Engineer: 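Below are the C-alpha coordinates for one structure; questions will follow.
The model shown is predicted, which means the values in this text are computed figures rather than measured ones.
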Amino acid sequence: MELNDINPNVLNVKPSSMREFDHEISADPQIVKLTLGEPNFDVPAHIKQAAIDAINDNYSHYPYFWGYAELREAAAKYYQEKFGYHYTADQIVVTVGATEAVADAVATLFQPGDAVILPSPAYPLYDASIAMHGLKQVRIDTSKTDYILTPEAVQQAIDDNPGLNIRGLIITDPNNPTGVAYTEEQLKALVPVLKENRIWVISDEIYGELTYGQKHYTLSTWLPDQTVIVNGLSKSHAMTGWRLGYVFGPKGFIDEIAKVHQFTVTTPTSIVQYAAIEAMKHGQNDAEVMRKQYEKRRDFVVKNMREAGFDVVHPGGAFYVYAKIPASLHMDSWTCARTLAKDYHIGLFPGASFGDDASIRISYAASDEALKAAMTAIKKLVADKSVVGDK
(Lines give C-alpha, C1' and ligand atoms only; values in the text may rest on other atoms or scores of the structure.)
Protein backbone atom coordinates (compact mmCIF):
# COMPACT_ATOMS: atom_id res chain seq x y z
CA MET A 1 0.00 0.00 0.00
CA GLU A 2 1.19 3.50 -0.85
CA LEU A 3 0.60 6.42 1.48
CA ASN A 4 -1.07 8.29 -1.36
CA ASP A 5 -3.88 5.75 -1.05
CA ILE A 6 -4.71 7.26 2.35
CA ASN A 7 -7.24 10.04 2.76
CA PRO A 8 -5.14 13.20 2.22
CA ASN A 9 -7.08 15.02 4.91
CA VAL A 10 -5.74 12.49 7.41
CA LEU A 11 -2.22 12.46 5.95
CA ASN A 12 -1.99 16.23 6.30
CA VAL A 13 -2.77 16.15 10.02
CA LYS A 14 0.31 15.72 12.18
CA PRO A 15 0.18 13.73 15.43
CA SER A 16 -0.28 15.87 18.53
CA SER A 17 2.97 17.67 19.27
CA MET A 18 1.74 18.07 22.84
CA ARG A 19 1.39 14.33 23.40
CA GLU A 20 4.68 13.60 21.66
CA PHE A 21 6.56 16.14 23.78
CA ASP A 22 4.92 14.90 26.97
CA HIS A 23 5.95 11.34 26.07
CA GLU A 24 9.48 12.50 25.20
CA ILE A 25 10.13 14.25 28.51
CA SER A 26 8.50 11.48 30.55
CA ALA A 27 11.66 9.41 30.00
CA ASP A 28 13.41 11.75 32.47
CA PRO A 29 12.91 10.26 35.96
CA GLN A 30 13.46 13.72 37.52
CA ILE A 31 10.95 15.56 35.35
CA VAL A 32 8.32 17.69 37.06
CA LYS A 33 5.42 17.79 34.60
CA LEU A 34 3.11 20.76 34.22
CA THR A 35 2.04 19.70 30.76
CA LEU A 36 -1.27 17.89 30.33
CA GLY A 37 -4.55 19.24 31.67
CA GLU A 38 -4.76 16.39 34.14
CA PRO A 39 -6.29 17.13 37.56
CA ASN A 40 -4.11 15.81 40.38
CA PHE A 41 -7.24 14.98 42.38
CA ASP A 42 -8.88 11.57 42.73
CA VAL A 43 -12.36 10.88 41.44
CA PRO A 44 -14.81 11.49 44.33
CA ALA A 45 -15.43 8.31 46.31
CA HIS A 46 -19.20 8.27 45.81
CA ILE A 47 -18.73 8.27 42.03
CA LYS A 48 -16.24 5.41 42.17
CA GLN A 49 -18.64 3.45 44.35
CA ALA A 50 -21.44 3.94 41.83
CA ALA A 51 -19.23 2.40 39.14
CA ILE A 52 -18.35 -0.52 41.43
CA ASP A 53 -22.03 -1.07 42.18
CA ALA A 54 -22.84 -1.03 38.47
CA ILE A 55 -20.26 -3.76 37.87
CA ASN A 56 -21.58 -5.87 40.73
CA ASP A 57 -25.15 -5.39 39.56
CA ASN A 58 -24.17 -6.53 36.04
CA TYR A 59 -25.08 -3.29 34.30
CA SER A 60 -22.86 -4.31 31.43
CA HIS A 61 -25.18 -4.41 28.43
CA TYR A 62 -25.62 -1.99 25.55
CA PRO A 63 -27.14 1.28 26.71
CA TYR A 64 -29.38 3.29 24.40
CA PHE A 65 -27.04 4.99 21.95
CA TRP A 66 -28.01 8.53 23.02
CA GLY A 67 -27.02 7.61 26.58
CA TYR A 68 -29.23 6.42 29.41
CA ALA A 69 -32.39 8.51 29.77
CA GLU A 70 -31.77 8.82 33.51
CA LEU A 71 -28.34 10.32 32.84
CA ARG A 72 -29.59 12.78 30.23
CA GLU A 73 -32.40 13.89 32.51
CA ALA A 74 -29.97 14.34 35.39
CA ALA A 75 -27.54 16.26 33.16
CA ALA A 76 -30.31 18.57 31.93
CA LYS A 77 -31.17 19.45 35.54
CA TYR A 78 -27.55 19.70 36.69
CA TYR A 79 -26.42 22.14 34.00
CA GLN A 80 -29.62 24.17 34.15
CA GLU A 81 -28.92 24.78 37.83
CA LYS A 82 -25.21 25.40 37.27
CA PHE A 83 -25.18 27.58 34.18
CA GLY A 84 -28.75 28.18 33.09
CA TYR A 85 -28.67 25.74 30.16
CA HIS A 86 -32.16 25.31 28.72
CA TYR A 87 -32.04 21.80 27.31
CA THR A 88 -34.28 18.82 27.89
CA ALA A 89 -33.05 15.23 27.95
CA ASP A 90 -33.96 14.80 24.27
CA GLN A 91 -31.53 17.62 23.40
CA ILE A 92 -28.51 15.85 24.91
CA VAL A 93 -26.29 13.09 23.53
CA VAL A 94 -23.81 11.40 25.86
CA THR A 95 -20.39 11.00 24.23
CA VAL A 96 -17.04 9.34 24.85
CA GLY A 97 -15.48 12.47 26.31
CA ALA A 98 -15.61 16.04 25.06
CA THR A 99 -13.19 15.13 22.27
CA GLU A 100 -15.76 12.92 20.59
CA ALA A 101 -18.38 15.61 21.13
CA VAL A 102 -16.26 18.16 19.24
CA ALA A 103 -15.50 15.76 16.39
CA ASP A 104 -19.14 14.74 16.01
CA ALA A 105 -20.32 18.35 16.03
CA VAL A 106 -17.83 19.32 13.32
CA ALA A 107 -18.81 16.30 11.22
CA THR A 108 -22.53 17.04 11.57
CA LEU A 109 -22.55 20.78 11.00
CA PHE A 110 -20.15 21.33 8.14
CA GLN A 111 -19.49 20.14 4.59
CA PRO A 112 -16.05 19.73 2.96
CA GLY A 113 -14.90 23.13 1.76
CA ASP A 114 -16.76 25.10 4.44
CA ALA A 115 -14.68 27.38 6.64
CA VAL A 116 -14.59 27.63 10.43
CA ILE A 117 -13.33 30.55 12.49
CA LEU A 118 -10.82 29.59 15.15
CA PRO A 119 -9.69 32.21 17.69
CA SER A 120 -5.96 31.82 18.31
CA PRO A 121 -4.20 30.58 20.38
CA ALA A 122 -6.35 27.46 20.37
CA TYR A 123 -6.31 23.90 21.62
CA PRO A 124 -4.93 21.80 18.72
CA LEU A 125 -7.85 19.34 18.74
CA TYR A 126 -9.95 21.89 16.86
CA ASP A 127 -7.37 22.45 14.16
CA ALA A 128 -7.04 18.71 13.58
CA SER A 129 -10.79 18.11 13.51
CA ILE A 130 -11.28 20.92 11.00
CA ALA A 131 -8.54 19.55 8.75
CA MET A 132 -9.62 15.89 8.90
CA HIS A 133 -13.13 16.82 7.78
CA GLY A 134 -11.89 18.68 4.72
CA LEU A 135 -12.71 22.13 6.08
CA LYS A 136 -10.83 25.39 5.91
CA GLN A 137 -9.99 27.46 8.93
CA VAL A 138 -9.82 31.19 9.47
CA ARG A 139 -7.56 32.02 12.39
CA ILE A 140 -8.17 35.18 14.38
CA ASP A 141 -5.28 36.40 16.52
CA THR A 142 -6.81 37.45 19.85
CA SER A 143 -3.56 38.58 21.51
CA LYS A 144 -4.25 42.25 20.75
CA THR A 145 -7.67 42.14 22.48
CA ASP A 146 -6.63 40.47 25.74
CA TYR A 147 -7.29 37.05 24.19
CA ILE A 148 -11.00 37.76 23.82
CA LEU A 149 -12.75 37.28 20.47
CA THR A 150 -14.52 40.50 19.49
CA PRO A 151 -17.43 41.03 17.06
CA GLU A 152 -15.24 43.42 15.07
CA ALA A 153 -12.64 40.70 14.57
CA VAL A 154 -15.31 38.22 13.43
CA GLN A 155 -16.71 40.67 10.90
CA GLN A 156 -13.22 41.56 9.69
CA ALA A 157 -12.43 37.89 9.14
CA ILE A 158 -15.60 37.51 7.07
CA ASP A 159 -14.86 40.66 5.04
CA ASP A 160 -11.27 39.59 4.43
CA ASN A 161 -12.31 36.18 3.08
CA PRO A 162 -15.15 36.80 0.59
CA GLY A 163 -14.34 33.59 -1.27
CA LEU A 164 -14.85 31.38 1.77
CA ASN A 165 -18.11 29.93 2.97
CA ILE A 166 -17.61 30.70 6.66
CA ARG A 167 -20.21 28.67 8.51
CA GLY A 168 -18.75 28.01 11.92
CA LEU A 169 -16.90 29.24 14.98
CA ILE A 170 -15.28 27.14 17.70
CA ILE A 171 -14.94 28.96 21.00
CA THR A 172 -13.57 27.64 24.29
CA ASP A 173 -14.76 29.31 27.47
CA PRO A 174 -12.92 29.29 29.84
CA ASN A 175 -10.11 29.05 27.35
CA ASN A 176 -7.38 26.51 26.87
CA PRO A 177 -4.50 27.53 26.71
CA THR A 178 -4.94 31.08 28.05
CA GLY A 179 -7.31 30.52 30.97
CA VAL A 180 -9.33 33.57 29.88
CA ALA A 181 -13.03 33.45 30.83
CA TYR A 182 -15.57 35.55 28.92
CA THR A 183 -17.87 37.97 30.68
CA GLU A 184 -21.58 38.16 29.97
CA GLU A 185 -21.07 41.40 28.03
CA GLN A 186 -18.28 39.94 25.89
CA LEU A 187 -20.41 36.98 24.84
CA LYS A 188 -23.54 39.03 24.20
CA ALA A 189 -21.50 41.36 21.98
CA LEU A 190 -20.79 38.45 19.59
CA VAL A 191 -24.44 37.55 19.05
CA PRO A 192 -25.46 40.12 16.36
CA VAL A 193 -22.57 39.33 13.99
CA LEU A 194 -23.07 35.58 14.42
CA LYS A 195 -26.80 35.86 13.81
CA GLU A 196 -26.42 38.12 10.80
CA ASN A 197 -23.90 35.82 9.15
CA ARG A 198 -25.70 32.62 10.22
CA ILE A 199 -22.60 31.17 11.85
CA TRP A 200 -22.92 28.01 13.92
CA VAL A 201 -21.02 28.06 17.21
CA ILE A 202 -19.43 25.04 18.86
CA SER A 203 -18.98 26.24 22.43
CA ASP A 204 -16.55 24.07 24.38
CA GLU A 205 -17.41 24.69 28.05
CA ILE A 206 -15.51 21.80 29.63
CA TYR A 207 -13.88 24.18 32.15
CA GLY A 208 -17.13 25.96 33.01
CA GLU A 209 -17.10 24.91 36.66
CA LEU A 210 -13.55 26.19 37.16
CA THR A 211 -13.85 29.98 37.17
CA TYR A 212 -12.38 32.40 39.69
CA GLY A 213 -14.24 35.47 40.88
CA GLN A 214 -16.69 35.44 38.00
CA LYS A 215 -19.68 33.45 36.82
CA HIS A 216 -19.61 31.18 33.79
CA TYR A 217 -21.92 32.27 30.96
CA THR A 218 -22.89 30.49 27.76
CA LEU A 219 -23.57 31.82 24.27
CA SER A 220 -26.53 29.48 24.04
CA THR A 221 -28.47 31.85 26.31
CA TRP A 222 -28.68 34.40 23.48
CA LEU A 223 -28.04 32.20 20.45
CA PRO A 224 -29.86 28.91 21.18
CA ASP A 225 -30.66 27.96 17.59
CA GLN A 226 -27.05 28.32 16.41
CA THR A 227 -25.10 27.02 19.40
CA VAL A 228 -23.87 23.53 20.17
CA ILE A 229 -22.42 23.09 23.66
CA VAL A 230 -19.69 20.59 24.49
CA ASN A 231 -19.20 19.67 28.13
CA GLY A 232 -18.26 16.71 30.30
CA LEU A 233 -16.88 15.38 33.57
CA SER A 234 -13.13 15.26 32.88
CA LYS A 235 -12.24 18.54 34.57
CA SER A 236 -15.15 19.19 36.94
CA HIS A 237 -15.02 15.74 38.56
CA ALA A 238 -11.40 14.75 37.77
CA MET A 239 -12.67 11.97 35.49
CA THR A 240 -10.28 12.43 32.55
CA GLY A 241 -9.74 8.71 32.02
CA TRP A 242 -13.43 7.83 32.31
CA ARG A 243 -14.22 9.57 29.00
CA LEU A 244 -17.69 10.96 29.60
CA GLY A 245 -18.88 13.99 27.65
CA TYR A 246 -22.06 15.63 26.45
CA VAL A 247 -23.39 17.47 23.42
CA PHE A 248 -26.26 19.90 23.99
CA GLY A 249 -28.01 21.34 20.96
CA PRO A 250 -31.23 22.52 19.33
CA LYS A 251 -33.82 20.01 18.23
CA GLY A 252 -33.24 18.85 14.70
CA PHE A 253 -29.49 19.19 15.00
CA ILE A 254 -29.33 16.83 17.95
CA ASP A 255 -31.12 14.08 16.00
CA GLU A 256 -28.47 14.32 13.29
CA ILE A 257 -25.45 14.36 15.58
CA ALA A 258 -26.87 11.28 17.29
CA LYS A 259 -26.43 9.43 13.97
CA VAL A 260 -22.76 10.40 13.71
CA HIS A 261 -22.26 9.41 17.32
CA GLN A 262 -24.04 6.06 16.95
CA PHE A 263 -22.09 4.97 13.91
CA THR A 264 -18.77 6.16 15.35
CA VAL A 265 -18.75 4.71 18.88
CA THR A 266 -22.16 2.98 19.23
CA THR A 267 -22.58 4.20 22.83
CA PRO A 268 -20.50 5.25 25.84
CA THR A 269 -19.58 2.60 28.41
CA SER A 270 -22.51 1.53 30.56
CA ILE A 271 -20.60 1.49 33.85
CA VAL A 272 -19.20 4.97 33.30
CA GLN A 273 -22.69 6.26 32.61
CA TYR A 274 -23.90 4.93 35.97
CA ALA A 275 -21.00 6.73 37.61
CA ALA A 276 -22.01 9.89 35.72
CA ILE A 277 -25.59 9.59 36.98
CA GLU A 278 -24.19 9.67 40.51
CA ALA A 279 -22.03 12.70 39.64
CA MET A 280 -25.01 14.56 38.19
CA LYS A 281 -27.38 13.73 41.04
CA HIS A 282 -25.09 13.95 44.05
CA GLY A 283 -21.87 15.60 42.89
CA GLN A 284 -23.03 19.19 42.44
CA ASN A 285 -20.30 20.46 44.77
CA ASP A 286 -17.51 18.06 43.83
CA ALA A 287 -15.68 20.67 41.75
CA GLU A 288 -15.67 23.26 44.52
CA VAL A 289 -12.94 21.63 46.60
CA MET A 290 -10.72 21.45 43.53
CA ARG A 291 -11.63 24.95 42.36
CA LYS A 292 -10.51 26.51 45.64
CA GLN A 293 -7.15 24.76 45.45
CA TYR A 294 -6.71 25.71 41.79
CA GLU A 295 -7.37 29.36 42.58
CA LYS A 296 -4.60 29.40 45.21
CA ARG A 297 -2.23 27.68 42.80
CA ARG A 298 -3.16 30.10 40.03
CA ASP A 299 -2.30 33.08 42.22
CA PHE A 300 1.02 31.49 43.23
CA VAL A 301 2.06 30.75 39.66
CA VAL A 302 0.98 34.11 38.28
CA LYS A 303 2.89 35.97 41.00
CA ASN A 304 6.08 33.98 40.46
CA MET A 305 5.94 34.09 36.67
CA ARG A 306 5.58 37.86 36.74
CA GLU A 307 8.49 38.10 39.17
CA ALA A 308 10.52 36.07 36.67
CA GLY A 309 9.76 38.63 33.95
CA PHE A 310 7.02 36.83 32.02
CA ASP A 311 4.01 38.74 30.70
CA VAL A 312 1.11 36.67 32.03
CA VAL A 313 -2.44 36.54 30.68
CA HIS A 314 -4.94 36.93 33.53
CA PRO A 315 -6.54 33.47 33.94
CA GLY A 316 -10.18 33.79 34.93
CA GLY A 317 -10.80 30.07 34.63
CA ALA A 318 -9.50 26.58 33.75
CA PHE A 319 -6.13 25.63 35.29
CA TYR A 320 -3.54 27.13 32.97
CA VAL A 321 -1.19 30.07 33.05
CA TYR A 322 -0.23 31.37 29.63
CA ALA A 323 2.87 33.53 29.60
CA LYS A 324 4.90 35.40 26.99
CA ILE A 325 8.58 34.50 27.05
CA PRO A 326 10.82 37.43 28.09
CA ALA A 327 12.67 39.00 25.18
CA SER A 328 15.89 38.73 27.17
CA LEU A 329 15.83 34.95 26.77
CA HIS A 330 15.95 35.13 22.95
CA MET A 331 14.00 31.86 22.81
CA ASP A 332 11.05 30.67 20.82
CA SER A 333 8.55 28.47 22.65
CA TRP A 334 10.07 25.14 21.64
CA THR A 335 13.56 26.24 22.68
CA CYS A 336 12.23 27.46 26.00
CA ALA A 337 10.26 24.28 26.68
CA ARG A 338 13.10 21.96 25.67
CA THR A 339 15.67 23.93 27.66
CA LEU A 340 13.50 23.78 30.76
CA ALA A 341 13.00 20.04 30.31
CA LYS A 342 16.61 19.14 29.52
CA ASP A 343 18.52 21.46 31.84
CA TYR A 344 16.05 22.09 34.67
CA HIS A 345 13.79 18.99 34.60
CA ILE A 346 10.60 21.02 34.26
CA GLY A 347 7.98 20.06 31.67
CA LEU A 348 5.52 22.55 30.23
CA PHE A 349 4.05 23.11 26.80
CA PRO A 350 5.34 25.41 24.07
CA GLY A 351 2.87 27.97 22.76
CA ALA A 352 3.64 26.78 19.24
CA SER A 353 1.34 23.82 19.92
CA PHE A 354 -1.50 26.34 20.19
CA GLY A 355 -0.40 28.57 17.31
CA ASP A 356 1.80 31.04 19.24
CA ASP A 357 5.56 30.50 19.23
CA ALA A 358 6.27 33.36 21.66
CA SER A 359 4.56 31.91 24.75
CA ILE A 360 4.41 28.89 27.04
CA ARG A 361 1.54 27.17 28.87
CA ILE A 362 1.79 25.93 32.44
CA SER A 363 -0.79 23.59 33.92
CA TYR A 364 -1.29 24.25 37.61
CA ALA A 365 -3.41 21.11 38.01
CA ALA A 366 -0.42 19.78 39.91
CA SER A 367 0.81 19.52 43.48
CA ASP A 368 2.01 22.54 45.42
CA GLU A 369 5.44 20.93 45.63
CA ALA A 370 5.63 20.54 41.85
CA LEU A 371 4.61 24.15 41.29
CA LYS A 372 7.19 25.45 43.78
CA ALA A 373 9.92 23.43 42.07
CA ALA A 374 8.82 24.72 38.68
CA MET A 375 8.78 28.36 39.73
CA THR A 376 12.27 28.05 41.24
CA ALA A 377 13.55 26.46 38.04
CA ILE A 378 11.95 29.04 35.77
CA LYS A 379 13.47 31.89 37.75
CA LYS A 380 16.83 30.14 37.50
CA LEU A 381 16.37 29.75 33.74
CA VAL A 382 15.85 33.49 33.40
CA ALA A 383 18.88 34.24 35.60
CA ASP A 384 21.07 31.76 33.71
CA LYS A 385 20.02 32.34 30.12
CA SER A 386 19.01 35.99 29.82
CA VAL A 387 21.10 37.98 27.36
CA VAL A 388 21.38 41.76 27.56
CA GLY A 389 21.13 43.42 24.17
CA ASP A 390 21.35 41.58 20.85
CA LYS A 391 22.36 37.98 20.45
Side-chain angles (χ1 to χ4, degrees), residues 1-19 65-66 93 95-142 149 153-172 176 190 193-204 206 219-220 223 225-230 245-266 353-355:
M1 184 190 76
E2 300 292 334
L3 277 182
N4 59 13
D5 293 331
I6 302 295
N7 181 342
N9 291 334
V10 175
L11 281 176
N12 291 334
V13 173
K14 296 179 181 179
S16 169
S17 61
M18 295 170 61
R19 296 285 177 175
F65 70 96
W66 284 56
V93 172
T95 60
V96 182
T99 298
E100 190 223 327
V102 170
D104 289 355
V106 170
T108 304
L109 288 171
F110 310 121
Q111 301 178 45
D114 286 347
V116 177
I117 292 172
L118 196 56
S120 184
Y123 186 55
L125 162 68
Y126 313 132
D127 178 82
S129 190
I130 289 169
M132 280 196 284
H133 287 91
L135 309 175
K136 299 175 181 178
Q137 66 167 273
V138 177
R139 285 249 176 181
I140 296 179
D141 180 6
T142 61
L149 181 67
V154 173
Q155 189 59 58
Q156 191 65 54
I158 294 168
D159 294 343
D160 289 347
N161 295 278
L164 293 182
N165 185 28
I166 298 177
R167 294 197 56 245
L169 161 68
I170 301 178
I171 190 169
T172 321
N176 177 11
L190 292 168
V193 69
L194 298 173
K195 272 188 176 179
E196 181 181 345
N197 292 282
R198 300 182 66 186
I199 292 175
W200 275 95
V201 179
I202 298 174
S203 182
D204 187 342
I206 193 71
L219 258 174
S220 67
L223 199 67
D225 294 334
Q226 290 171 230
T227 302
V228 176
I229 297 176
V230 169
Y246 305 108
V247 177
F248 303 78
K251 292 180 179 178
F253 160 81
I254 208 74
D255 297 315
E256 301 308 313
I257 197 172
K259 297 179 193 173
V260 177
H261 162 75
Q262 180 186 26
F263 294 117
T264 302
V265 302
T266 306
S353 294
F354 309 97

Engineer: Between CG of Leu118 and CG of Leu135, what distance do you get to the nearest 0.5 Å?
Structural biologist: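 Answer rounded to 0.5 Å: 11.5 Å.
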
Engineer: Evaluate the side-chain proximity of Phe110 to Ile130: yes if any heavy-atom separation is below 4.5 Å, no if none is.
Structural biologist: no

Engineer: Do the side chains of Val230 and Ile206 get nearer than 4.5 Å, heavy atoms only?
Structural biologist: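 Not touching, per the 4.5 Å side-chain cut-off.
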
Engineer: Can you name the ring pair (Phe, Tyr, Trp, His ring centres under 6.0 Å) partners of Phe248, sequence neighbours left out?
Structural biologist: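 By the ring pair (Phe, Tyr, Trp, His ring centres under 6.0 Å) rule, Phe248 matches Tyr79, Tyr85, Tyr87, Tyr246.
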
Engineer: Could you state the interatomic distance from CD1 (Ile166) to CD1 (Ile199), rounded to the nearest 0.5 Å?
Structural biologist: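 If I round to the nearest 0.5 Å, the distance is 6.5 Å.
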
Engineer: Verify, without hydrogens or angle tests, whether His261 (side chain) and Phe65 (backbone) share a donor-acceptor contact under 3.5 angstrom.
Structural biologist: yes

Engineer: Just to verify, what does Phe253 make a ring pair (Phe, Tyr, Trp, His ring centres under 6.0 Å) with, not counting sequence neighbours?
Structural biologist: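 Here the qualifying residues are Trp200.
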
Engineer: With no hydrogens and no angle check, is any side-chain donor or acceptor of Ser120 less than 3.5 Å from a backbone partner on Ile140?
Structural biologist: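 Answer holds: no.
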
Engineer: Using side chain to side chain donor-acceptor pair (under 3.5 Å) as the criterion, list what pairs up with Asp127, not counting sequence neighbours.
Structural biologist: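 Side chain to side chain donor-acceptor pair (under 3.5 Å) list for Asp127, sorted by chain: Gln137.
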
Engineer: Heavy atoms only: give me the nearest Leu169-Pro119 pair and the separation to one decimal.
Structural biologist: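 Nearest heavy atoms, Leu169 then Pro119: CD1-CD, 3.8 Å.
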
Engineer: On a heavy-atom basis, which atom in Gln226 and which in Lys195 lie closest, and how many Å separate them?
Structural biologist: OE1-CA, 3.8 Å

Engineer: Name all residues meeting the salt bridge (Lys or Arg N to Asp or Glu O under 4.0 Å) criterion together with Lys259; count only those two or more places apart in sequence or in a different chain, and write none if there are none.
Structural biologist: Glu256

Engineer: Identify the heavy atoms of Gly355 and Arg139 that sit nearest to each other, and give their distance.
Structural biologist: CA-NH1, 4.2 Å

Engineer: Give the minimum heavy-atom separation between Pro250 and Thr227, together with the two atoms involved.
Structural biologist: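 That would be CD-O, 3.5 Å.
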
Engineer: Is there side-chain contact between Asp104 and Val265, with heavy atoms separated by less than 4.5 Å?
Structural biologist: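 Side chain of Asp104 against side chain of Val265, heavy atoms only: no contact under 4.5 Å found.
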
Engineer: So, for Val102 and Ser129, which heavy atoms are closest and what is the spacing to 0.1 Å?
Structural biologist: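 Reported closest heavy-atom pair: O-OG, 4.4 Å.
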
Engineer: Over all heavy atoms of both residues, which pair between His133 and Ala107 is shortest? Give the atoms and the distance, please.
Structural biologist: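 What the structure gives for the nearest pair is NE2-CB, 3.4 Å.
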
Engineer: Among Leu219, Leu109, Ile229, find the one that has a side chain to side chain contact (heavy atoms under 4.5 Å, CB included) with Val201.
Structural biologist: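 That would be Leu219; it is the only one of Leu219, Leu109, Ile229 passing the side chain to side chain contact (heavy atoms under 4.5 Å, CB included) with Val201.
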
Engineer: Quick one: side chain to side chain donor-acceptor pair (under 3.5 Å) partners of Asp255, sequence neighbours excluded?
Structural biologist: none

Engineer: Look only at the side chain of Asn7 and the backbone of Asn9, and say whether a donor-acceptor pair between them is shorter than 3.5 Å.
Structural biologist: yes

Engineer: Only one of Val106, Ile171, Thr172 forms a side chain to side chain contact (heavy atoms under 4.5 Å, CB included) with Tyr126, so which one is it?
Structural biologist: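 That would be Thr172; it is the only one of Val106, Ile171, Thr172 passing the side chain to side chain contact (heavy atoms under 4.5 Å, CB included) with Tyr126.
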
Engineer: Taking only residues two or more places apart in sequence, or in another chain, which ones meet Ser16 in a side-chain contact (heavy atoms from CB on, under 4.5 Å)?
Structural biologist: Met18, Arg19

